[in-house]
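One structure is given below, encoded as structure tokens.
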Amino acid sequence: MAQIGHNISLPERARRIRRHALRMGEVQGQGYIAQALGIADVLAVAYFHATTYRPDDPEWEGRDRFLLSIGHYAIALYAALIEAKIIPEDELETYGADDSRLPMSGMAAYTPGMEITGGSLGHGLGIAVGMSLALKRKGSRSFVYNLFSDGELDEGSTWEAAMSAGSYKLDNLIGIVDVNQMQADGPSLGVLNFEPLGPKFEAFGWYVQRIDGNDIDALVDAFDNARQHRHPQPRIIICDTKMAKGVPFLEARERNHFLRVEPQEWAEAIRIIDAGVTA
Amino acid sequence: MRRSKYERPAHLIGNAERPRLTTSAMIASIAGADQPTRPAPFGHALSALAEKDDRVVGLSADLAKYTDLHVFRAAHPDRFYQMGMAEQLLMMSAAGMAREGLQPWVTTYAVFASRRAYDFICLAIAEEMLDVKVVCALPGLTTGYGPSHQATEDIAMFRGMPNLTIIDPCDASEIEQAVPAIAAHEGPVYMRLLRGNVPLVLEEYGYRFELGKAKLLRDGRDTLIISSGLMTMRALEAAEELRKNGIDAGVLHVPTIKPLDEATILAECARQGRLVVVAENHTVIGGLGEAVAATLMRSAVRPAAFRQIGLPDAFLEAGALPTLHDMYGISTTKIVAQIKEWLDE
């Protein structure tokens with residue numbers, strides 16, 4: 001399914017996505033970098049295994065729609081869009097700058113490949129429902145992916161959307177929840193307990209898979225299952241991920257919702273990432 | 001105005017002869033007894049529009065029957081989407097549909113669209129300039145069900161939302177004309193909806209709806225009533241009543257609240273020696289009255305006097321609609337009385 005870069009492995013794609021994100025973080029000296037590192041494997045599999053798109057035509061009608069509900073994860077999606085060549089790599093240095101197409105929070109009007117504006121949380125899944133219904137009207141075979149976070153499970157609007165997707169049996173809708181166990185005020189389950197999560201979606205009529213979101217083989221299987229599942233129901237992949245995955249000294253920080261990274265630490269983080277898998 | 005809940009009204013105690021009691025029906029008609037009306041003008045107009053335009057779909061949040069969308073549902077069942085009693089989803093899913101090239105017409109009550117789903121209209125729809133039409137029944141004081149259903153501040157809220165066009169039509173013919181007009185305008189629109197048997201009043205004035213345009217329906221030397229929505233109907237009735245009292249009242253109908261037709265308003269208000277009264281079915285805070293006042297203050301135009309007729313800055317009582325319209329000063333009788341009083345000052 002991947003359209004470009006035939007000989008580059010998915011772990012290497014993930015490594016490059018982490019590297020792009022760290023370089024953008026270094027430019028600004030800050031960012032939701034722990035989330036970007038945590039979700040990089042999911043994005044690598046999404047953009048280089050599962051979804052269909054044309055880098056030179058981001059609004060191509062036949063594309064799969066990939067919605068970033070969590071606007072503050074923009075740095076992660078920009079990194080994936082750079083790796084997918086939807087955004088030129090030299091634009092990376094403009095991240096968060098005035099007049100940049102890469103603002104700190106993801107907004108559809110600014111960035112090629114950014115399907116929605118997601119900063120106000122709890123919008124993505126409902127918009128995905130509308131897009132899925134509209135694509136069915138049009139007879140399209142495209143999938144709508146919506147990446148949202150465990151924090152967005154606090155938003156009632158997410159559950160309105162989950163219930164309607166089940167009610168409409170939206171088999172062209174694939175939800176991806178990043179369960180990284182960290183919100184603005186602390187550990188997610190301490191903010192509001194959303195478990196047991198799988199059974200909740202199952203009860204709403206969804207086809208549910210729960211996997212280690214940093215295990216690329218598991219992600220490949222889960223995306224394949226989600227696309228090939230035969231029953232008329234929406235699909236969800238619950239991804240348990242590790243904040244700051246791949247950079248141990250950042251993984252170890254207790255409060256990493258919005259990471260403070262010292263200037264010299266960026267280079268060290270990139271060095272650690274570069275020492276990882278290649279080919 | 002509300003009495004204590006421990007104080008029982010004397011005239012409702014015991015078995016003595018009671019006056020015929022009025023009721024606080026959810027869906028109260030705003031039509032007068034002998035007024036010509038048309039049923040469900042919005043539902044019919046949207047059905048007609050859908051005949052010509054494949055992009056049109058209708059969405060409801062469990063209120064199709066009460067927003068006249070049932071007419072559309074019957075005519076185009078495959079283009080009707082029931083989103084359940086979930087107004088946030090209603091707006092999000094409309095945004096998703098608009099992103100895919102459809103033109104969603106979203107319906108619910110004005111209270112639920114404004115208070116409950118504001119963020120979703122604002123960010124999912126307006127910020128993206130998506131072609132979604134939000135059409136909402138029970139605007140202002142058009143039900144006696146109390147504050148849970150009375151959208152007395154919807155315009156104040158929505159005026160602050162960038163990109164959003166706001167329409168407050170007066171009668172059945174205007175609703176019928178507004179539907180194709182706002183369909184042709186690419187971008188988000190909020191329209192207040194009069195539903196059920198809707199009065200027909202504007203046809204005799206040779207009126208045609210034009211998006212963004214205020215229209216002088218009746219000229220008058222002594223006072224000018226600037227109004228929108230059902231208050232234009234009341235203003236026309238009041239003007240006729242005032243004429244019998246030797247007062248010459250003009251009526252300027254302003255169905256587009258945003259963007260406001262400032263040029264026409266300023267031109268009319270520049271005429272010397274007239275009392276300007278803004279009449280609206282909305283709280284006097286942040287609606288048409290204050291929009292007109294601000295327009296006047298920003299210009300060199302100063303009318304002889306400026307007054308507002310509208311709902312008070314309060315949660316309103318439950319009750320029968322005619323009673324409440326009298327109580328809050330937006331009935332024809334009360335408009336006439338207030339204008340006479342102001343002209344005597």
Side-chain angles (χ1 to χ4, degrees), chain A residues 59 61-67 69 71 103 105-111 114-140 142-146 148 152 155-168 170 172-173 204, chain B residues 50 53-62 76-106 108 112-113 115-134 161-163 187-188:
Chain A
E59 292 179 27
E61 178 63 26
R63 75 192 184 283
D64 289 328
R65 278 62 168 165
F66 191 93
L67 278 53
S69 186
S105 186
M107 289 183 277
Y110 285 69
T111 315
M114 187 66 75
E115 298 274 3
I116 63 165
T117 295
S120 183
L121 297 179
H123 282 227
L125 197 58
I127 296 174
V129 165
M131 289 175 100
S132 300
L133 287 167
L135 287 169
K136 281 183 173 292
R137 275 204 83 74
K138 293 196 278 189
S140 167
S142 298
F143 282 103
V144 179
Y145 292 86
N146 178 57
F148 61 116
E152 290 189 282
E155 296 282 0
S157 56
T158 298
W159 296 102
E160 290 183 9
M163 188 152 68
S164 73
S167 179
Y168 274 104
L170 293 177
N172 56 345
L173 172 60
F204 279 22
Chain B
D53 190 341
D54 289 343
R55 299 173 306 150
V56 170
V57 290
L59 282 71
S60 180
D62 194 33
H76 302 283
D78 59 319
R79 289 157 79 169
F80 169 81
Y81 291 93
Q82 176 60 266
M83 303 316 295
M85 210 188 298
E87 291 77 16
Q88 302 179 115
L89 170 70
L90 182 71
M91 304 306 171
M92 291 187 285
S93 58
M97 290 177 180
R99 287 204 161 281
E100 291 300 331
L102 300 180
Q103 187 180 71
W105 289 68
V106 168
T108 181
F112 305 136
R115 293 180 200 157
R116 196 179 284 255
Y118 188 93
D119 180 47
F120 296 84
I121 300 176
C122 190
L123 275 158
I125 295 171
E127 201 268 335
E128 302 286 327
M129 198 61 189
L130 295 179
D131 199 18
V132 176
K133 316 305 178 190
V134 181
M161 190 183 291
N163 288 351

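Per chain, numbering begins at 1; letters A, B, ... match sequence-line order.
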[X] versus [Y]: any side-chain heavy-atom pair under 4.5 Å?
X: Glu100(B); Y: Glu61(A); answer: yes
X: Met83(B); Y: Leu133(A); answer: yes
X: Trp159(A); Y: Gln88(B); answer: no
X: Ile116(A); Y: Glu128(B); answer: no
X: Arg79(B); Y: Arg137(A); answer: yes

message: Among Met92(B), Arg99(B), Met97(B), which residue has the highest count of heavy-atom pairs closer than 4.5 Å to chain A?
response: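 That would be Met92(B).
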message: Only pairs of heavy atoms separated by less than 4.5 Å count here; which of Leu102(B), Asp119(B), Leu123(B) has the most with chain A?
response: Asp119(B)
field: Asp54(B) versus chain A, the contacting section by heavy-atom distance below 4.5 Å
entry: neither
message: Which atoms of Ala94(B) are under 4.5 Å from chain A, going by heavy atoms: the side chain, the backbone, both sets, or neither?
response: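 Contact with chain A: none, neither part.
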With rounding to the nearest 0.5 angstrom, report the [atom1] to [atom2] distance, [X] to [Y].
X: Ile125(B); Y: Thr117(A); atom1: CD1; atom2: OG1; answer: 12.5 Å
X: Met91(B); Y: His123(A); atom1: CE; atom2: NE2; answer: 11.5 Å
X: Ser164(A); Y: Leu90(B); atom1: OG; atom2: CG; answer: 10.5 Å

message: Just so I understand: if I count every heavy-atom pair under 4.5 Å between each of Gly122(A), Ser132(A), Ser167(A) and chain B, which residue has the most?
response: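 Heavy-atom pair counts peak at Gly122(A).
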task: Heavy atoms only, distances under 4.5 angstrom: which of Gly118(A), Ala109(A), Ser120(A) has the most pairs with chain B? Name it, please.
output: Ser120(A)
- prompt: Angle class for the Tyr168(A)/Tyr81(B) ring planes (parallel below 30°, perpendicular above 60°, tilted otherwise)?
  reply: tilted
- prompt: What heavy-atom pair brings Ala95(B) and Ile127(A) nearest, and what distance separates the two atoms?
  reply: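 Shortest heavy-atom separation between Ala95(B) and Ile127(A) comes out as CB-CG1, 4.3 Å.
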query: How far apart are the closest heavy atoms of Ala161(A) and Leu89(B), and which atoms are they?
result: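 Closest pair (atom of Ala161(A), atom of Leu89(B), distance): CA-CD1, 3.8 Å.
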- prompt: Got a sec: does the CE of Met163(A) have more than 12 other heavy atoms crowding it under 6.0 Å?
  reply: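 For Met163(A), atom CE is not crowded (no more than 12 foreign heavy atoms under 6.0 Å).
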